[in-house]
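Take a look at the structure set out below.
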Amino acid sequence: MSQKIAQVIVDVPTMQTDKPFSYRIPEELADLIQIGMRVHVPFGRGNRLMQGFIVGFADEKESGGQELKSIAEVLDFDPVLNREQLTLADAMRETVFSYKISILKAMLPNLLNSSYDKILTTEDKAIAKQYFGAEQALHFSSLDESKQALMMKLHRDGKIAVQYVAQSKESIKTKKRLALADENKLKTLAIAVRAKKRLALQDFLQTQNQIGERAWDYTDLVKLYSRDVVKFFVSEGILTLSEVEVSRAQGYFDTIAPDEHKVLNSEQEAAYQAIISSQEKPFLLEGVTGSGKTEVYLQVIAHAISQGKTAIMLVPEISLTPLMTNRFIARFGEHVAIMHSGLSDGEKYDEWRKIKSGKAKVVVGARSAIFAPLHNIGAIIIDEEHETSYKQDSNPRYHARDVAIWRAKFHRAALVLGSATPSLETRARAQQNVYQLLHLTQRASAQAEIPEVEILDMRKHLNDKSASFSEVLLDKISEKIAKGEQVVLMLNRRGYSSFIMCRDCGFVPECPNCDISLTLHMDTKTLNCHYCGHTTGIPHTCPNCQSKKIRYYGSGTQKVEEELSELLPEARILRMDVDTTKKKGAHERILSSFGAGEADILLGTQMIAKGLDFPNVTLVGVINADTALNLPDFRSSERTFQLLTQVAGRAGRADKKGEVLIQTFNPDHYAIRLAQAHDYEGFYQLEMDFRRKLNYPPYFYTVQLVISHQDEEEVVKKSYEIMALLKGNLSEKARVLGPIPKPIARTHNLYHYQLLIKYRFEKNLEQALNQVLDLTQVPDNKKLRIIIDNEPQNFM
DNA sequence: AGCACGCCGACT
DNA sequence: GTCGGCGTGCTC
């Protein structure tokens with residue numbers, strides 16, 4: 001009789017291990033084990049325990065071969081991955097050049113991924129005394145590096161035994177509860193008059209029981225009456241103690257008032273009707289800021305729920321503010337689960353469990369929420385569809401939009417891509433009728449006018465006093481503040497940050513590991529590398545010429561804030577950027593403080609462009625519109641247009657008319673001109689022209705390869721080899737560009753070169769790229785690192 | 001990833 | 001001679 005064996009994907013992300021391994025299922029686990037469960041299995045020569053996923057079962061092969069190892073432990077009572085997710089992972093494997101295990105792990109909350117450690121024990125009394133102290137065993141991970149090396153040595157000498165452990169990090173949070181078990185005994189129990197506390201508790205329990213309360217928190221009662229008194233009631237059998245699992249994110253629904261459907265205007269209604277009546281193809285909902293896209297989303301989701309279905313709502317991480325999530329909670333109450341990066345691992349796990357158990361019907365979250373284990377999905381919505389944050393920029397490099405398309409098809413759900421400035425790819429697909437285009441052209445609130453946008457040519461308005469602010473902008477700011485109105489200033493920090501330079505010799509400190517100048521951080525008084533994290537102090541004298549004339553340059557938000565407070569000493573300034581919003585809740589605190597009028601100026605990066613709506617803001621200034629224009633990326637115009645259009649939409653939402661002032665050195669650039677005119681269609685046409693002429697997306701598909709090695713000559717040589725390999729495998733029509741050094745040619749002590757493949761139809765592409773991956777397996781190329789990025793969004 | 005095997009140089 | 005350095009290959 002042949003016994004079933006389990007196919008396991010193990011947690012070793014390499015090419016050679018990227019396939020299922022077969023394991024014997026111990027008899028006692030045979031009934032428990034299911035596809036999609038996590039297991040611990042012995043792996044490799046040392047039989048160290050690894051986490052793996054059961055992806056299938058097979059009959060034992062007769063081939064004999066070597067003895068199979070057995071599964072050591074099953075980690076779940078129920079599968080953590082369902083069939084849909086496993087099928088999805090298979091599909092993703094073909095377009096996302098990443099290992100299966102990485103894809104599977106991306107679908108789960110981090111808490112469900114095991115951590116690995118070694119436990120050290122010894123028989124040697126002397127060693128025990130010297131290193132172990134009172135401990136029976138040591139955790140390898142808790143030792144410092146030198147101790148770890150020493151222990152390895154002792155292990156080799158046979159003085160120390162090593163045991164491998166893999167541990168599921170999942171720690172279920174529990175709470176002790178006391179329940180009333182014997183009502184009669186509570187009444188009849190005689191307690192000595194001297195035992196005041198016991199009497200008090202008896203009295204408390206009786207009155208509580210009368211109002212229908214039969215269970216209490218253990219800690220609460222202990223706090224009120226002491227542990228001994230509580231224990232007495234337990235030992236008498238009046239109360240029973242138990243542990244219940246609790247969800248960490250409790251009670252955040254209570255404070256939000258429920259909200260009703262709003263009446264849709266005719267355009268919104270038409271869009272809504274179209275979306276709920278057909279699931280044939282995805283929808284592109286194109287609507288200017290303030291046109292009420294969100295209300296359409298809410299009603300589409302409500303419709304799905306009324307059909308007994310569920311929904312996913314994706315928003316960019318940056319706009320996942322309480323303001324936004326509260327709208328969903330107000331509408332759908334406790335049926336909402338929220339997934340964002342601000343949650344701790346434990347909280348993310350709680351939300352995940354809430355979804356998995358079916359308690360949550362609407363999932364609102366950033367990119368990874370697209371993997372939410374919902375059943376019977378009726379609607380998937382991606383807001384701000386053009387945002388690049390939907391593409392993950394580390395492995396697995398998936399695009400949430402692609403996953404959404406797959407899942408929508410699987411569930412026959414409606415898919416809505418919404419944006420005021422759709423990505424060219426999406427807009428072009430709508431043109432081709434692959435997506436159905438729905439337009440919202442009216443601003444939902446009647447009195448809101450589209451703001452006047454003024455472009456200021458910085459070449460003509462150079463200000464001696466300040467590099468960042470023209471006199472025109474400063475005057476406008478002062479004028480608004482004098483009237484008691486508020487100002488939002490945006491600094492386009494992309495590709496732009498502060499640095500220091502020697503005035504005498506022009507020396508700029510660079511990172512020793514990366515070809516990039518170090519960024520100045522005034523709060524910590526250090527120079528940091530944004531790539532590898534290298535940190536040094538700020539030199540007082542130039543390391544090159546010993547001059548003392550070290551100057552600070554650039555316009556980081558900190559720098560601009562300082563400059564601004566010198567120029568306008570009376571203005572109260574709030575700064576909002578990555579540094580000031582790192583802490584949990586800081587984002588909201590800054591916004592609510594600004595909303596309450598505690599500051600005159602809100603100065604920030606891109607993040608202020610998203611979804612803030614303050615009636616008293618009458619001026620929005622863009623300090624440097626064009627820093628992103630000069631980046632070596634074919635999407636730089638598109639990004640600039642999108643950003644400016646978005647910021648321009650921030651002013652004039654309320655009754656006071658808003659003004660927008662854009663400072664730029666490229667006043668005639670079409671991206672800036674057309675953003676000024678709020679002309680998306682014009683921009684789309686013009687940009688499509690460029691893309692067609694230069695064979696860029698959406699006319700061509702792209703794949704980027706990044707080849708890295710410590711030795712520059714080696715990278716160049718290998719890059720040419722890879723280019724030749726690709727050219728040999730692809731058709732004449734495909735173009736392979738490069739190799740060229742990456743814009744930042746060296747980071748982490750590695751040189752990076754890139755190749756870009758542009759193609760339309762290449763049936764051999766996947767196979768050719770897999771060949772490239774196989775190259776890294778050749779011994780000669782062990783130190784070569786190759787990243788394959790399908791449809792890259794970033795070229796930095 | 002991490003461990004064993006195996007092939008070389010510097011030492012008791 | 002052998003201890004230990006790292007390059008190479010394999011993991012059900």
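Residue numbering restarts at 1 for every chain, and letters A, B, ... go by the order of the sequence lines.
- In this structure, Glu67(A) places its CD atom 12 Å from P of dC12(C), rounding to the nearest Å.
- Put simply, CD1 on Ile101(A) is 18 Å from P on dT11(C), counting in whole angstrom units.
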Check: protein-nucleotides 3-5 of chain B nitrogen or oxygen pairs below 3.5 Å:
| unit_1 | atom_1 | unit_2 | atom_2 | d |
| --- | --- | --- | --- | --- |
| dC3(B) | OP1 | Tyr164(A) | OH | 2.8 |
| dA4(B) | O4' | Arg45(A) | NE | 3.4 |

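- What separates CE of Met15(A) from P of dG2(B) is a distance of 20 Å, to the nearest Å.
- With salt bridges taken as basic N to acidic carboxylate O contacts below 4.0 Å, one links Asp76(A) and Arg38(A).
- For Ile54(A) and dC12(C), the CD1 to C1' distance is 12 Å, given to the nearest whole Å.
- Remark: of the listed residues Tyr390(A), Trp406(A), Phe371(A), Phe371(A) is the sole one forming a ring pair (Phe, Tyr, Trp, His ring centres under 6.0 Å) with Tyr398(A).
- Contacts of Glu425(A) classified as salt bridge (charged side-chain N to carboxylate O under 4.0 Å, His left out), with partners at least two apart in sequence or in another chain: Arg635(A).
- For Asp18(A) and Arg93(A), the salt-bridge test passes: some basic side-chain N is under 4.0 Å from an acidic carboxylate O.
- We find that CZ of Arg785(A) is positioned 11 Å from P of dA1(B), with the value rounded to whole Å.
- One atom, CG of Leu49(A), and another, C1' of dA1(B), lie 15 Å apart when rounded to the nearest Å.
- At whole-Å resolution of the value, CD in Gln16(A) and P in dA1(B) are 10 Å apart.
- Residue Phe43(A) is in base contact, counting any heavy-atom pair closer than 4.0 Å across all strands shown.
- A salt bridge links Glu721(A) with Lys718(A): the closest approach of a Lys/Arg side-chain nitrogen to an acidic carboxylate oxygen falls below 4.0 angstrom.
- The nearest whole Å value for the distance from the CE atom in Met50(A) to the C1' atom in dC10(C) is 14 Å.
- Taking the six-membered ring for Trp and thresholds of 30 and 60 degrees, Phe43(A) and Phe21(A) have ring planes more than 60 degrees apart, a perpendicular arrangement.
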